[in-house]
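Working notes, structure below.
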Amino acid sequence: MNQDEVKYNLLQIENTELEFSVIFTGKKSNKVNGLYKPDTHEIILHNRNFSKPNELFYTAIHEYTHHKLCEENGGLSSSRVHSPRFWARFHGLLEKAEELELYTIDITDSPELLEITDEIKNSLLPEDGKLVRRLGELLIKARPLCAKAGVRYEDYIDRILCLPRAASTALERCEAYNINPNLGYENMKQVSKIGSSEKRKQAETLFLSQKSPSLVQDFLRTKKSTPVLDKRTVLEREKLRIKKTIISLERRLHLLETELQVLNQTPQAQTHPGAEYER
């Protein structure tokens with residue numbers, strides 16, 4: 001898969017009105033697999049980091065998500081790079097890529113990974129959820145018993161059970177709201193925070209249908225109407241951003257020229273090669 005093919009496939013997933021480029025560095029990086037430059041709208045991929053095209057395209061979709069959010073923000077980068085909105089958009093684009101068979105998360109070629117996955121999903125997570133429900137049930141029963149014994153329930157949680165109060169509250173909610181134990185504790189905890197019983201059921205259904213926590217949270221988040229920006233507005237905003245960048249660069253250039261002027265007027269001390277290292 002070359003640079004042009006990556007760009008073509010990204011546009012198949014979701015089109016963009018904001019021009020961008022895909023660049024292979026031809027290098028290996030130990031720090032990052034790729035990055036997005038909002039000023040130039042460049043998707044940079046360290047293509048030697050990947051052994052398979054599928055892995056490379058995953059990173060390309062990640063960086064393209066930054067580009068899409070930049071476009072939606074009028075050509076400007078967001079102050080918070082990996083926000084909940086980012087992860088929801090990223091996972092949504094991954095799903096579209098799977099539907100178009102441009103990307104796959106297929107573990108069928110690894111029997112050992114299949115076995116581990118089966119144990120986690122069909123055994124450990126449900127068992128974890130059942131334990132959570134049982135803990136919540138016992139904590140609910142403990143409340144009136146503490147009152148009857150003249151013991152503050154909070155003190156019982158803090159110093160007898162040594163549980164964080166937030167955790168004990170979440171455990172009780174999971175039981176009180178009858179949260180599906182097949183979700184596992186972390187997802188059960190998220191669902192238990194939802195006040196509406198209808199939305200709790202929707203969240204459970206989404207989790208059970210293989211939606212990521214980010215997509216579930218985004219679905220449940222109160223949607224604010226985002227105005228669709230026309231092409232003229234996008235271009236005007238990009239023009240303004242470039243002007244600001246030019247002004248900033250001109251200021252920096254002026255400072256550099258001033259510093260160089262001062263240095264040129266200052267006599268330099270006579271040194272011989274290697275003197276700096278001999279101190």
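Side chains of H254 and E259 form no contact here, defined as non-hydrogen atoms less than 4.5 Å apart. Side-chain contact between E72 and R89 is present, with heavy atoms from C-beta onward closer than 4.5 Å. Using a 4.5 Å heavy-atom threshold, the side chains of N73 and C70 count as separate. Considering only heavy atoms from C-beta on, E63 stays 4.5 Å or farther from I44 through its side chain. Residues F219 and Q202 form a side-chain contact, since some pair of their non-hydrogen atoms from C-beta on lies under 4.5 Å apart. Contact check for I13 versus F57: side-chain heavy atoms found under the 4.5 Å cut-off. Side-chain contact check for Q190 versus V216: every heavy-atom pair is 4.5 Å or farther apart. C174 places a side-chain heavy atom less than 4.5 Å from the side chain of S192.
Aromatic rings of H41 and H66 (six-membered ring for Trp) have centroids beyond the 6.0 Å cut-off, not under it. In this structure, H62 has its ring center under 6.0 Å from that of F86. The aromatic ring centroids of Y64 and F90 lie 6.0 Å or more from each other. Residues F50 and F24 keep their aromatic ring centres 6.0 Å or farther apart.
Among residue pairs with one or both ends in residues 104-115, none qualify as salt bridge (Lys or Arg N to Asp or Glu O under 4.0 Å); sequence neighbours excluded.
Side-chain atoms of E172 and S168 form no donor-acceptor pair, as typed in the model, at a separation below 3.5 Å.
Between E186 and K189 there is a salt bridge, since at least one side-chain N of the basic residue sits less than 4.0 Å from a carboxylate O of the acidic one. With respect to E175 and K141, no salt bridge is recorded, no charged nitrogen being found less than 4.0 Å from a carboxylate O. With respect to E55 and K52, no salt bridge is recorded, no charged nitrogen being found less than 4.0 Å from a carboxylate O. By the 4.0 Å N-to-carboxylate-O rule, D158 lies close enough to R165 to be salt-bridged with it. Using a 4.0 Å cut-off between a side-chain N of Lys or Arg and a carboxylate O of Asp or Glu, E137 and R134 qualify as a salt bridge. Salt-bridge annotation for R159 and E154: absent, with no side-chain N of the basic residue lying under 4.0 Å from a carboxylate O of the acidic one.
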Given K211 and E95, is the side chain to side chain contact (heavy atoms under 4.5 Å, CB included) satisfied, shown in steps? CA-CA 9 Å; K211 299 297 181 184; E95 286 192 356; 2.9 Å; yes
Walk me through whether E257 and L253 qualify under side chain to side chain contact (heavy atoms under 4.5 Å, CB included). CA-CA 6 Å; E257 288 174 341; L253 179 61; 3.9 Å; yes
L139/L161 under side chain to side chain contact (heavy atoms under 4.5 Å, CB included): CA gap, chis, key distance, verdict: CA-CA 10 Å; L139 287 171; L161 296 183; 3.6 Å; yes
Where do L125 and N182 land on the side chain to side chain contact (heavy atoms under 4.5 Å, CB included) test, with the steps shown first? CA-CA 6 Å; L125 285 179; N182 290 324; over 6 Å; no
Test side-chain hydrogen bond (donor to acceptor under 3.5 Å, both in side chains) on E198 and S196; report intermediate values, then the result. CA-CA 5 Å; E198 182 182 349; S196 163; 5.0 Å; no
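At a threshold of 4.5 Å between side-chain heavy atoms, the hydrophobic network of Ile, Leu, Val, Met, Phe, Trp and Tyr places V22 and Y8 in two separate groups. A continuous path of hydrophobic side-chain contacts links L163 to V132 [ILVMFWY only; heavy atoms under 4.5 Å]. A single hydrophobic cluster is not seen to contain both L18 and I43; linkage of ILVMFWY side chains at heavy-atom distances under 4.5 Å, directly or through other members, places them apart. Residues V81 and L94 are members of separate hydrophobic clusters, defined by side-chain heavy-atom contacts under 4.5 angstrom among Ile, Leu, Val, Met, Phe, Trp and Tyr. Taken together through direct or relayed side-chain contacts under 4.5 Å among Ile, Leu, Val, Met, Phe, Trp and Tyr, M188 and L131 form parts of separate hydrophobic clusters.
From E204, atom CD reaches atom CG of L183 across 5.5 Å, with rounding to the nearest 0.5 Å. Atom NZ of residue K68 and atom CG of residue L93 lie 8.0 Å apart, to the nearest 0.5 angstrom. We find the NZ-CD distance between K193 and Q217 to be 8.5 Å, quoted to the nearest 0.5 Å. Considering CD1 of I23 and NE2 of H46, their distance stands at 11.0 Å, rounded to 0.5 Å. With values rounded to the nearest 0.5 angstrom, I246 atom CD1 is found 7.0 Å from E250 atom CD. Here the OG-CG distance, from S197 to N178, works out to 11.5 Å after rounding to the nearest 0.5 Å.
R48 and G26 get closest at one heavy-atom pair: CD-O, 3.1 Å. A pairwise comparison of heavy atoms in P213 and F207 identifies CA-CE2, 3.7 Å as the closest pair. Shortest non-hydrogen contact noted between G92 and L215 is N-CD2, 4.0 Å. Considering all non-hydrogen atoms of both residues, L102 and N9 come closest at CD1-O, 3.6 Å. A pairwise comparison of heavy atoms in G195 and R200 identifies O-NH1, 3.1 Å as the closest pair. The shortest non-hydrogen separation linking V6 to A60 is CG1-CB, 3.7 Å.
A distance-only check finds a donor-acceptor pair linking the side chain of N49 to the backbone of S29 [under 3.5 Å]. A distance-only check finds a donor-acceptor pair linking the side chain of D128 to the backbone of Y185 [under 3.5 Å]. At least one donor-acceptor pair under 3.5 Å links the side chain of S209 to the backbone N or O of L206.
Other residues sharing a hydrophobic cluster with I107 under the 4.5 Å side-chain heavy-atom criterion for ILVMFWY residues are L113, L114.
Contacts of K7 classified as salt bridge (Lys or Arg N to Asp or Glu O under 4.0 Å), with partners at least two apart in sequence or in another chain: E19.
Counting heavy-atom neighbours within 6.0 Å of I105 CD1, excluding the residue itself, gives a total of 12 or less.
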